[in-house]
2 protein chains.
Amino acid sequence: MQQADRTLRHLTGYQLRRATSAAMPEVNKVLEEFGLRRSTYSSLVVVVANPGLNQGQLADALAIERPNLVQIVDQLERAKLVRRTKSVEDRRAYALQPTPKGCELEERATRALERLDNLLREGLSEQDKEILHRILQIIERNAETIQERDVAEISTP
Amino acid sequence: MQQADRTLRHLTGYQLRRATSAAMPEVNKVLEEFGLRRSTYSSLVVVVANPGLNQGQLADALAIERPNLVQIVDQLERAKLVRRTKSVEDRRAYALQPTPKGCELEERATRALERLDNLLREGLSEQDKEILHRILQIIERNAETIQERDVAEISTP
DNA sequence: TATTGTTATACTCTATAACTATA
DNA sequence: TATAGTTATAGAGTATAACAATA
């Protein structure tokens with residue numbers, strides 16, 4: 001039985017899901033070598049690039065819920081990659097600061113992921129890569145736009 | 001703070017993840033209107049397109065583990081969309097058959113998802129859509145190829 | 001009254017080991 | 001012995017309600 005999912009392959013959601021599901025385990029494997037997971041890695045990157053931001057801003061940047069961020073920052077702090085420092089302007093908030101060790105690890109992990117990226121995109125032209133990046137951002141924005149609308153018009157034409 | 005995740009946006013895995021995470025809730029909402037989830041919908045589609053296939057073949061087609069398929073088929077059977085019929089050639093296996101109700105629901109759900117697809121891909125040219133489909137399949141195959149190799153060469157250059 | 005970080009919780013998805021019945 | 005379907009289970013990821021401290 002070949003291409004038993006032929007019908008599904010026409011749907012963008014299914015295409016995205018298959019490609020993402022295939023790629024994520026490889027991303028996970030690379031990050032494991034650095035003692036990181038996707039959630040801790042992406043948080044670390046944003047803190048390194050935006051030192052001093054607070055947890056709410058970090059959650060917004062990564063589109064994750066604040067409660068789920070708590071344990072992620074806990075892990076980064078335990079690994080001495082990020083520090084929670086009390087914000088002086090707003091004493092409710094923590095200003096997140098990367099440690100030197102965090103900066104160094106982030107750089108090495110990013111380089112490894114860039115090498116994986118080249119393998120994932122093998123066979124694609126430079127133009128293909130740019131088009132992919134552009135299209136995925138359009139789809140993401142379209143999805144956010146749809147979210148603000150009513151789903152009824154889709155399900156019942 | 002704008003584009004706090006700028007560094008991450010360069011990575012294909014992150015691009016894929018963001019687009020997929022934004023799109024999946026919309027897919028879920030559409031399918032909920034039909035009493036389906038992504039897993040039950042995709043299984044239903046494959047059974048309708050390939051009546052008589054068994055659960056192992058279905059699991060392979062959708063790249064899901066067989067144990068996880070059991071409850072999915074249970075749900076489809078409880079909803080009278082699919083029937084498990086004992087295979088005559090191999091009495092260990094079930095031949096999965098769609099019911100008329102299953103065929104009808106699959107068709108309506110697919111039409112609704114195609115309408116969602118048009119919204120998700122709004123602003124893309126016909127060429128963009130074809131390129132996206134092609135690129136995502138390449139990435140999926142590349143990921144499967146990487147999986148068969150050693151990750152060490154990626155993490156430690 | 002609203003917001004930041006937190007706790008507790010629950011639900012889905014995914015993955016693996018081990019069982020049964022057939023082959 | 002190997003395979004098809006199953007059971008049980010465990011780990012992520014994700015989502016919401018409610019609380020304390022502060023604004």
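Here is how names work: the chains are called A, B, and so on, in the same order as the sequence lines, proteins then strands, and each is numbered from 1.
Side chains of B/Arg38 and B/Asn28: a donor on one and an acceptor on the other come within 3.5 Å.
Per the geometry, CD belonging to A/Glu89 stands 14 Å off C1' belonging to D/dT22, to the nearest Å. Rounded to whole Å, atom P of C/dT6 lies 11 Å from atom CG of A/Asn54. In this structure, B/Lys86 atom NZ and C/dT22 atom C1' are separated by 9 Å, rounded to whole Å. Between B/Tyr94 atom OH and C/dA23 atom P there is a gap of 13 Å when expressed in whole angstrom units. Rounded to an integer number of Å, the gap from CG of A/Asn28 to C1' of D/dG11 is 12 Å. The interatomic distance linking A/Leu69 (CG) with C/dA8 (C1') rounds to 17 Å, in whole Å. For B/Gln75 and C/dC11, the CD to C1' distance is 13 Å, given to the nearest whole Å. Straight-line distance from the CD1 atom of B/Ile72 to the C1' atom of D/dG5: 14 Å, rounded to whole Å.
For B/Arg92, whose side chain is taken as the heavy atoms from C-beta onward, the closest listed nucleotide among C/dT6, D/dA2, C/dT14 is D/dA2. Comparing C/dA15, C/dA21, C/dC13 by their closest approach to the side chain of B/Ser39 singles out C/dC13. Listed candidates were C/dT4, D/dA17, C/dA17. Nearest to the side chain of B/Pro67 is C/dA17.
Phosphate contact (OP1/OP2 of C/dT6, side-chain N/O of A/Arg66, threshold under 4.0 Å): absent. Taking only side-chain nitrogens and oxygens, B/Arg38 never comes nearer than 4.0 Å to OP1 or OP2 of C/dT14. Taking side-chain N and O atoms only, A/Gln71 has no distance below 4.0 Å to OP1 or OP2 of D/dA12. OP1 or OP2 of D/dG13 has at least one side-chain nitrogen or oxygen of A/Arg37 nearer than 4.0 Å. Regarding contacts with the backbone of C/dT14, a side-chain N or O of A/Arg17 is found under 4.0 angstrom from either OP1 or OP2.
Each of A/His10, A/Arg18, A/Arg17 was evaluated against A/Tyr14; a single residue qualifies, A/Arg18, per the side chain to side chain donor-acceptor pair (under 3.5 Å) test.
The base of C/dT22 is not paired with the side chain of B/Arg91 by any donor and acceptor separated by under 3.5 Å.
Using a 4.0 Å heavy-atom distance criterion, A/Glu65 is classed as a base contact.
Counting heavy atoms from C-beta on, the side chains of B/Arg9 and B/Gln3 come closer than 4.5 Å.
Considering all non-hydrogen atoms of both residues, A/Gln55 and A/Leu69 come closest at O-CD2, 3.0 Å.
No donor-acceptor distance shorter than 3.5 angstrom exists from the side chain of B/Ser39 to the backbone of B/Ile72, with no hydrogens or angles considered.
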